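Notes to accompany the following structure.
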Amino acid sequence: MVGAAPICSHGQTGCHELSLADLFERVIQQSSRMHAISSDLHSEVGQFLFPSKNQIGKQKCHTYGIMTPEDKENAQRLRRDELMEVILRLLEAWESPVSQLHRSMAQDRHQDFEHDSSNKALEMNHMVQELRNGVAKVAEKMKLMGVISNAVGDIASPPSAASLYERAALRSVYHHDLLYCFRRDSNKVQNYLRILKCTILPELDC
């Protein structure tokens with residue numbers, strides 16, 4: 001989703017100034033696409049495994065320590081600063097594990113599904129980075145408008161627990177578990193972005 005001119009930042013000239021509504025529309029579309037890819041990939045990998053419970057499980061996902069609202073009502077109760085902080089922390093926490101997932105799947109050629117699925121993993125890897133950059137632009141715009149505090153994004157996320165997956169050597173069963181966690185978190189991100197947009201721009205179609 002590239003416009004005719006680059007998005008303005010820090011007083012840059014010769015660029016296209018997007019409204020906050022436009023920026024939200026972009027990141028929401030990106031997050032929806034990212035969640036769809038993660039769901040497809042989770043299903044594809046799962047087809048090659050024996051039915052079993054996730055080896056990681058909900059409380060072992062490396063983002064479990066990031067406190068997230070479990071439903072729409074709780075998310076709507078959060079202050080805008082808090083909800084944006086949650087979104088940024090989730091995206092930051094997934095950059096390293098998703099990158100590592102792609103490398104592992106690309107190298108593991110002895111299984112038929114890995115070659116085709118690694119392409120989706122690569123796309124997912126790019127989308128996490130692009131979405132994080134996009135959400136950062138939304139946050140910057142919100143700060144300039146006085147909608148959220150300038151301190152949002154300054155709090156460092158907990159250390160990425162990619163080592164949780166590294167210790168498992170990212171074998172196929174752990175690919176499945178990592179994707180289970182990412183599918184869950186990517187769904188949260190897209191839902192939180194929609195809620196944030198509607199609380200700030202209620203005049204839009206919400």
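This structure is a prediction, so every number in the text was calculated from the model and none was measured.
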I want to check something: taking the side chain as every heavy atom from C-beta on, are Lys137 and Arg26 in contact at a cut-off of under 4.5 Å? no

Gap separating the CD atom of Glu82 from the OG atom of Ser149, nearest 0.5 angstrom: 11.5 Å

Is a side-chain donor-acceptor pair under 3.5 Å present for Ser43 with Asp40? no

Using atom types as modelled and distance alone, determine if a side-chain donor or acceptor of Ser99 lies under 3.5 Å from a backbone N or O of Ser96. no

Taking all heavy atoms of Glu85 and all of Val152, pick out the closest pair and write down the distance. OE1-CA, 3.5 Å

Side-chain donor or acceptor of Asp22 paired with backbone N/O of Leu18 under 3.5 Å: no

Is the closest side-chain heavy-atom distance between Ile195 and Lys72 below 4.5 Å? yes

Nearest 0.5 Å, what's the NZ-CG distance between Lys143 and Asn150? 6.0 Å

Using a 4.5 Å cut-off on heavy atoms from C-beta on, say whether the side chain of Cys61 contacts that of Asp185. no

Would you compute the distance between atom CZ of Phe24 and atom OG of Ser19 and round it to the nearest 0.5 angstrom? 10.5 Å

Taking all atoms of both residues into account, what is the closest heavy-atom pair of Val27 and Leu193, and its distance? O-CD1, 3.9 Å

Nearest heavy-atom approach of Met127 to Gln30 is CE-O, 3.4 Å

Do Arg77 and Asn74 have a side chain donor and acceptor closer than 3.5 Å? yes

Taking atom CZ of Arg132 and atom CD1 of Ile87, what is their separation to the nearest 0.5 Å? 13.5 Å

So, taking the atom named CG in Leu78 and the one named CG in Leu83, what distance separates them when rounded to the nearest 0.5 Å? 5.5 Å

How long is the straight-line distance from CG of Leu178 back to NE2 of His62, given to the nearest 0.5 Å? 7.5 Å

Quick one: does Ile200's side chain get under 4.5 Å of Met145's, heavy atoms only? no

After noting the C-alpha distance and the side-chain angles of Met142 and Leu20, does the key distance pass the side chain to side chain contact (heavy atoms under 4.5 Å, CB included) rule? CA-CA 8 Å; Met142 291 168 67; Leu20 183 58; 3.8 Å; yes

Test log, rule side chain to side chain contact (heavy atoms under 4.5 Å, CB included), inputs Cys181 and Trp94: CA-CA 10 Å; Cys181 295; Trp94 273 108; 3.7 Å; yes

Mark yes or no for whether His35, through its side chain, and Arg183, through its backbone, hold a donor-acceptor pair below 3.5 Å. yes

Between Gln129 and Asn125, is any side-chain donor less than 3.5 angstrom from a side-chain acceptor? yes

Atom of Met34, atom of Ser186 and distance for their closest heavy-atom approach: CE-CB, 4.0 Å

Would you please test Tyr192 and Ser31 for side chain to side chain contact (heavy atoms under 4.5 Å, CB included) and show each step? CA-CA 10 Å; Tyr192 297 163; Ser31 64; over 6 Å; no

Show your working on side chain to side chain contact (heavy atoms under 4.5 Å, CB included) between Val135 and Met84 and close with a plain yes or no. CA-CA 9 Å; Val135 172; Met84 176 56 82; 3.6 Å; yes

Kindly give the heavy-atom pair with the smallest separation between Gly153 and Leu88, and that separation in Å. CA-CD1, 4.1 Å

Strictly distance-based, threshold 3.5 Å: is any side-chain N or O of Ser32 a donor or acceptor partner for the main-chain N or O of Gln29? no

Determine whether Arg184 and Thr63 make a side-chain contact, defined as any pair of heavy atoms from C-beta on separated by less than 4.5 Å. yes

ILVMFWY network linking Val45 to Leu122, side-chain heavy atoms under 4.5 angstrom: no

Take the angle between the ring planes of His176 and His42 and call it parallel below 30°, perpendicular above 60°, tilted in between. parallel

Closest non-hydrogen contact found for Leu101 with Met124 is CD2-CE, 3.8 Å

Heavy-atom check, side chain of Arg194 versus side chain of Asn191, under 4.5 Å: yes

